[in-house]
Amino acid sequence: MKHITTVVGATGLLGGAICGHLRASGLPVRAMVRPTSEPGRVARLEQAGVELRQGDLKASSSLEAVCEGARALISTATSTVSRQVGDSIQSVDLEGQLALVEAARRAGVEHFVFVSFAPMDVDFPLQGAKRAVEQSLMRSGIPRYTILQPTYFTEVWLSPALGFDFLKARARLVGTGRGRLNWISFEDVARFAVGALEHPRAWNAVLQLGGEEALGQLDVVRLFEERSGRAWTLEHLAEQTLREQFEGATEPLQRSLTALQLHLALGGPVDPRPAMEAMALRPSRVRDYVERMVSGLSGRD
Ligand SMILES: NC(=O)c1ccc[n+]([C@@H]2O[C@H](COP(=O)([O-])OP(=O)(O)OC[C@H]3O[C@@H](n4cnc5c(N)ncnc54)[C@H](OP(=O)(O)O)[C@@H]3O)[C@@H](O)[C@H]2O)c1
């Protein structure tokens, strides 16, 4: 009987957490890795008892072995951050993911979970790729699909690496900082991705994932200020500047990253309740993240 779950994107932030949850439940997991994947991440997968198979979304011939004998497949892969020569939105996020859907269908995979993102009003290449893969998966004939559409990951977008520097109590806000989003922890997205395998209400469904509360970046600054007692220094990246950058960007990745920032500036709440009800899961709150980060800071003093 088929019982393996294959994770494509396992060396990434979300895919690694998904592998961790699956292994913690004692389930057999296979991960697709590349010769260029970060060795520490590959070693962690191996130590967790994950079976490793070499493959690349750009090499459709490698996908057969990755899908072979798998009951379920979860794909989180994207070229937006972890890029090698030849990786692009076109070759990985679009053509590679389409090839993976086809390989999974041919191999008889019963359930395909695809991590996309919540719809945004702006049209840009990464969103075009995600929607095309969603459509292809829905029409693929694979018996079960789950399309997860998370909003922005808390730990990524509200982090010092992206200018939200709780270590130094300063932030570069995108736009006015009032655009409201249902931020979600990547750990919660991982729990939803794994939960989708077992909850029939998540089968053949498109589910938006977000925290229950929609907050602007300024609201999150206030939460940090209240919890830590430190006043923050703020700068703003004007919405108009972003619009000009977006209009001027010709390279697909640059255009996509600017579009994501523009959406962050404008905000766009989603309805996370259907996913929560389908899987009986409740995402953590941004204030839980604030609490963790501030107590981590006091632990360093
Ligand atoms: N960050 C957010 O706020 C956010 C919000 C909503 C949705 N999402 C979605 O969440 C998903 C997971 O994001 P993440 O932060 O976990 O991404 P990540 O950390 O950048 O991981 C990307 C993964 O994709 C793999 N990959 C890239 N090119 C590949 C190729 N040619 N063949 C095979 N694998 C390839 C990478 O493998 P290597 O290690 O080998 O390079 C890595 O495992 C993405 O689909 C993203 O669009 C993210």
Side-chain angles (χ1 to χ4, degrees), residues 3-97 99-100 103-104 107 109 112-117 126 129 133 148 150 153-162 167 185-191 193-194 197 253 256-257 292-293 296 300:
H3 55 295
I4 287 182
T5 299
T6 286
V7 180
V8 174
T11 48
L13 181 70
L14 177 60
I18 290 172
C19 290
H21 284 286
L22 289 167
R23 288 301 298 139
S25 314
L27 297 168
V29 186
R30 176 186 297 156
M32 180 163 97
V33 297
R34 305 193 279 177
T36 49
S37 299
E38 208 265 300
R41 290 180 177 227
V42 176
R44 274 201 294 284
L45 291 171
E46 212 164 13
Q47 279 154 16
V50 174
E51 175 199 333
L52 306 180
R53 290 225 178 150
Q54 294 285 336
D56 191 310
L57 284 171
K58 303 188 299 305
S60 47
S61 57
S62 69
L63 303 180
E64 195 178 319
V66 166
C67 296
E68 178 201 18
R71 183 179 74 84
L73 188 147
I74 303 176
S75 181
T76 67
T78 178
S79 66
T80 44
V81 179
S82 191
R83 273 188 311 287
Q84 297 299 329
V85 177
D87 287 351
S88 65
I89 291 174
Q90 179 74 20
S91 67
V92 175
D93 295 80
L94 179 61
E95 291 163 6
Q97 294 284 8
L100 185 63
V109 168
F112 193 121
V113 179
F114 176 59
V115 178
S116 177
F117 56 68
L126 184 61
V133 176
L148 297 178
F153 295 174
T154 315
E155 297 87 346
V156 173
W157 291 87
L158 296 174
S159 74
L162 290 193
L167 301 169
S185 163
F186 75 94
E187 288 285 359
D188 288 322
V189 179
R191 292 195 300 135
V194 173
L197 300 177
L253 179 63
S256 299
L257 296 179
R292 270 203 324 278
M293 294 307 114
R300 290 152 49 116

Only residue of Thr5, Leu63, Leu100 satisfying side-chain contact (heavy atoms from CB on, under 4.5 Å) with Leu73 is Leu100
Check whether any side-chain heavy atom of Val7 lies under 4.5 Å from a side-chain heavy atom of Val50, and answer yes or no.
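Side chain of Val7 against side chain of Val50, heavy atoms only: no contact under 4.5 Å found.
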So do the side chains of Gln97 and Val92 get within less than 4.5 Å of each other, counting heavy atoms only?
->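 Side chain of Gln97 against side chain of Val92, heavy atoms only: no contact under 4.5 Å found.
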Residue pair [X] / [Y]: nearest heavy atoms and the distance that separates them:
| X | Y | result |
| --- | --- | --- |
| Val115 | Pro150 | CG1-CG, 4.1 Å |
| Ala193 | Ile74 | O-CD1, 4.1 Å |
| Ser91 | Gly86 | OG-O, 2.7 Å |
| Ala77 | Asp93 | O-OD2, 4.2 Å |
| Leu253 | Ile89 | CA-CD1, 3.8 Å |
| Lys58 | Asp56 | N-OD1, 2.8 Å |

side-chain contact (heavy atoms from CB on, under 4.5 Å) between Ile18 and Val113, intermediate numbers included: CA-CA 12 Å; Ile18 290 172; Val113 179; over 6 Å; no
Kindly say whether [Y] contributes a backbone atom to a donor-acceptor pair with the side chain of [X] at under 3.5 angstrom?
| X | Y | value |
| --- | --- | --- |
| Arg41 | Thr11 | yes |
| Ser75 | Phe114 | no |
| Ser79 | Asp87 | no |

Rounded at 0.5 Å granularity, tell me how far OG in Ser82 sits from CG in Leu13.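 Here the rounded value is 11.0 Å.
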Here the gap from Ser60 atom OG to Glu95 atom CD, rounded to the nearest 0.5 Å, amounts to 10.0 Å
- Task: Mind running side-chain contact (heavy atoms from CB on, under 4.5 Å) on Phe153 and Leu14 for me, showing each step along the way?
- Result: CA-CA 10 Å; Phe153 295 174; Leu14 177 60; 4.2 Å; yes
Enumerate, atom names and distances included, each donor-acceptor pair closer than 3.5 Å involving a side-chain atom of residues 23-32, sequence neighbours excluded.
residue: Arg23; atom: NE; partner: Ala48; partner atom: O; Å: 2.8
residue: Arg23; atom: NH1; partner: Leu27; partner atom: O; Å: 2.7
residue: Ser25; atom: OG; partner: His21; partner atom: O; Å: 3.0
residue: Arg30; atom: NE; partner: Glu51; partner atom: OE2; Å: 3.1
residue: Arg30; atom: NH1; partner: Val66; partner atom: O; Å: 3.0
residue: Arg30; atom: NH1; partner: Glu68; partner atom: O; Å: 2.6
residue: Arg30; atom: NH2; partner: Glu68; partner atom: O; Å: 3.2

**Message:** Please evaluate residues Gln54 and Ser62 with respect to the criterion side chain to side chain donor-acceptor pair (under 3.5 Å), reporting the C-alpha separation (whole Å), side-chain torsions for both, the decisive distance (0.1 Å), and the verdict.
**Reply:** CA-CA 7 Å; Gln54 294 285 336; Ser62 69; over 6 Å; no
- Task: List the steps, then state whether side-chain contact (heavy atoms from CB on, under 4.5 Å) holds for Glu46 with Leu52.
- Result: CA-CA 7 Å; Glu46 212 164 13; Leu52 306 180; 3.9 Å; yes
